[in-house]
There are 2 protein chains.
Amino acid sequence: MAIGGKKKEIYLAAARLFRDKGYQASSMRQLAKEVNLEPSSLYSHISNKQELLAQICLGEAEMYVNKMKSIMSECDDVLEILRQISYFHVETALDDPISATVFSDEWKHLEEPNLGRFRNLRKEYESKIRYIIARGTEEGRLIDTDSMVLFQTFLSSFKWIYLWNKPGREVDKEALQRDITHVILRGLKK
Amino acid sequence: MAIGGKKKEIYLAAARLFRDKGYQASSMRQLAKEVNLEPSSLYSHISNKQELLAQICLGEAEMYVNKMKSIMSECDDVLEILRQISYFHVETALDDPISATVFSDEWKHLEEPNLGRFRNLRKEYESKIRYIIARGTEEGRLIDTDSMVLFQTFLSSFKWIYLWNKPGREVDKEALQRDITHVILRGLKK
DNA sequence: GTCTATAACTTGATAGAC
DNA sequence: GTCTATCAAGTTATAGAC
């Protein structure tokens, strides 16, 4: 680990710990052990435990919002937008499954004002997807089923990848992107 | 609450607490308050906190396994079996969203030997579904995409219902069963 | 920046009176 | 079966020496 990289090392270890045991069951003592420090020394690098969770969750949330903006500014075709979102979800779940898991499963332990910020970012992201799906049905590109069902089914289809992506596993990213997107869009397309 | 129903009352309150705050963040003191007892009095009805989680998670897991056996013994058509599984998932998520959430999100806080039992039940359930999906592709009823992708996408498609099903919401169960099943099977069917 | 020591508090669970 | 009182262990975080 490079000099000055201790803070990053702490964040990475915290994310791994939160994923494996959950936020509440992860102690600062344990975290300290993982980065070879005494517990009190952690506080020279971070201000408290909550900050660790907030950084991870809000960082991921901002990444999704930014990606969504980027996709929508570059592309106008509903199916192509959904395809790009799908590819991005698979990619993030494979490239950083630890952060993806903490983001998905531990955000509820955020405290205010981080919780409010997180919910706003998620709402921003989700409302864009809702809009795309509603437009898709209007344009006759997606099936005419309840738009909430389409939206929720679409998003939940990615919720297994980060859990399934265990360290030892060999994954063909491009094949997985292609297959998952194929199955999902097959269900939604008219 | 009926006489003798205190134990059941405790379990219901515990499930609600585990869902809302997570297992680790739920304290026996809080649970005691919810059922109008002093913390120590809880131990006249249950032996410890872990037992509460185990009962909820293993109870749900057994229910799914039993239902799966029942479906497979009564029906031989792959698409009809998948339809019935889908309907059952939607039904349980709507009828008892609290247990469904604890089962899905808190099982990782089970300790041995409960954790092993839970994993075995889940494995039994999932291997039956894997088998059905593999058979579906062999028979030419389902698309020829990677069977693991089909399996995971199928199961994860139900993972939003119990979270979305907030108390105040009005839900048309039959419409939801029909719509969700329609979208999912559309994606899998040849 | 890291350490030792410790404050201030919460946790699950038990003992024993009633 | 419920209570009061309490224990032993664990929690986050801080103070101050080096």
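If you're wondering where the values come from, they're calculated on a predicted model, not measured in any experiment. The sequence lines fix the lettering, A, B, ..., with proteins before strands; numbering per chain opens at 1.
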Nearest-angstrom distance from the residue atom [atom1] of [X] to [atom2] of [N]:
| X | N | atom1 | atom2 | value |
| --- | --- | --- | --- | --- |
| B:K33 | C:dG12 | NZ | P | 14 Å |
| B:L17 | C:dT11 | CG | C1' | 14 Å |
| B:N48 | C:dT14 | CG | C1' | 13 Å |
| A:E51 | D:dA13 | CD | P | 10 Å |
| A:I46 | D:dA13 | CD1 | P | 7 Å |
| A:E38 | C:dT6 | CD | C1' | 14 Å |
| B:L42 | D:dT2 | CG | P | 9 Å |
| B:L52 | C:dA13 | CG | C1' | 13 Å |

Check your understanding: Counting only distance, no hydrogens or angles, is the base of D:dT2 paired donor-acceptor with the side chain of B:S40 under 3.5 Å?
Key ->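 It does not, because no donor-acceptor pair links the side chain of B:S40 to the base of D:dT2 below 3.5 Å.
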Check your understanding: Does a distance-only test, which skips hydrogens and angles, find a donor-acceptor pair under 3.5 Å between the side chain of A:R29 and the base of D:dG10?
Key ->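 For A:R29, whose side chain was compared with the base of D:dG10, there is no donor-acceptor pair (under 3.5 Å).
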If you only use heavy atoms from C-beta on, which nucleotide in [options] is closest to the side chain of [X]?
| X | options | value |
| --- | --- | --- |
| A:S27 | C:dG12, D:dT11, C:dG1 | D:dT11 |
| B:L37 | C:dG12, D:dT2, C:dC3 | D:dT2 |
| A:H45 | C:dA13, C:dT2, D:dT2 | C:dT2 |

Point to revise | Donor-acceptor pair between A:N114 and A:R117 side chains, under 3.5 angstrom | key: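 Short answer, yes.
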Exercise for review: Using a 4.0 Å heavy-atom cut-off across all strands, classify A:S44 as base, sugar-phosphate, or nothing.
Suggested key: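 Since a base atom lies under 4.0 Å of A:S44, the category is base.
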Considering only heavy atoms from C-beta outward, does the side chain of [X] approach that of [Y] to under 4.5 Å?
| X | Y | result |
| --- | --- | --- |
| B:Y64 | B:L121 | no |
| B:D95 | B:K173 | yes |
| B:E51 | B:Y11 | yes |

**Study point:** Residue whose closest nucleotide on DNA chain D lies nearer the 5' end, A:S47 versus A:Q30
**Key:**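 Going by which nucleotide is closer to the 5' end, it is A:Q30.
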Check your understanding: Think A:S41 has a side-chain N or O under 4.0 angstrom from the OP1 or OP2 of C:dG1?
Key ->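 It does not, given that no N or O in the side chain of A:S41 lies less than 4.0 Å from OP1 or OP2 of C:dG1.
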Review point. Who pairs with A:R135 by salt bridge (Lys or Arg N to Asp or Glu O under 4.0 Å), at least two apart in sequence or on another chain?
Key: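 Residues passing salt bridge (Lys or Arg N to Asp or Glu O under 4.0 Å) with A:R135: A:D76, A:E139.
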